[in-house]
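First comes the structure, then the notes that go with it.
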Amino acid sequence: GEDVEQSLFLSVREGDSSVINCTYTDSSSTYLYWYKQEPGAGLQLLTYIFSNMDMKQDQRLTVLLNKKDKHLSLRIADTQTGDSAIYFCAEKDQAGTALIFGKGTTLSVSS
Amino acid sequence: GAVVSQHPSRVICKSGTSVKIECRSLDFQATTMFWYRQFPKQSLMLMATSNEGSKATYEQGVEKDKFLINHASLTLSTLTVTSAHPEDSSFYICSARIRQGALGQYFGPGTRLLVL
């Protein structure tokens, strides 16, 4: 079945760049997503990338997709303390309906 | 953007009671709603897919008699945890889909359930 893997923790200093990595198994995924979850809150869609793209940039966020290796990354430039949260990588399931999530990467930003 | 609300945001109940959680799409009609469950420091696990006017489709391992889902209108889906037990304590999150495509799914803020 589909599976999404992420590293669990990342700690950076304020102002540095953060890179969160994700691998997925379903090569037929058309869209891949990054969600942010702040403590006790629901999920906020940060960005997404279509599978025929290699890169997408949106202000401080850069998504890189290596479809051959099924590897997705999220780079946050100039990381701020407000970026501290759990970041989930997700792909659509084979039916193309629901989302399959990774376990989430906890990003801790220290000042 | 599209807004999805959940009510209540937190609930504490005694073991053996039933709890109903509502998921509403506030400014759009959602033909499909999804219910997820999240354990502490874990990912979101899809429990069921709910289509308006029809029976929900449950994921493997989710007891449909325990987690009753009703999607009676295009803006409301409810999840009822029947005869709740402490192991049902979790964070329940719903999402609603506007349409097929990239941005079609929006998440509610979640409901924290604690069963004593």
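Chain A is the first sequence line, chain B the second, and so forth, proteins listed ahead of strands; every chain is numbered from 1.
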- For the residue pair B:Phe107 and A:Tyr35, categorise the inter-ring angle as parallel (less than 30°), tilted (30 to 60°) or perpendicular (more than 60°). perpendicular
- Message: Report which part of A:Gln37 has an atom under 4.5 Å of a heavy atom belonging to chain B: side chain, backbone, both, or neither.
- Response: side chain
- Message: If the test is side-chain contact (heavy atoms from CB on, under 4.5 Å), which one of B:Pro86, B:Ser89, B:Ser90 qualifies with B:Leu114?
- Response: B:Ser89
- Check whether A:Leu99 gets within reach of chain B through its side chain, its backbone, both or neither, counting any heavy atom under 4.5 Å. both
- Classify the ring geometry between B:Tyr36 and A:Phe101 as parallel (under 30°), tilted (30 to 60°) or perpendicular (over 60°). perpendicular
- Go through the atoms of B:Leu44 and report whether side chain, backbone, both or neither lie under 4.5 Å from a heavy atom of chain A. both
- Any idea which heavy atoms bring B:Lys20 and B:Thr80 closest together, and the distance? CG-OG1, 3.8 Å
- Note on the structure: Under 4.5 Å to a heavy atom of chain A? For B:Gln38 that would be side chain
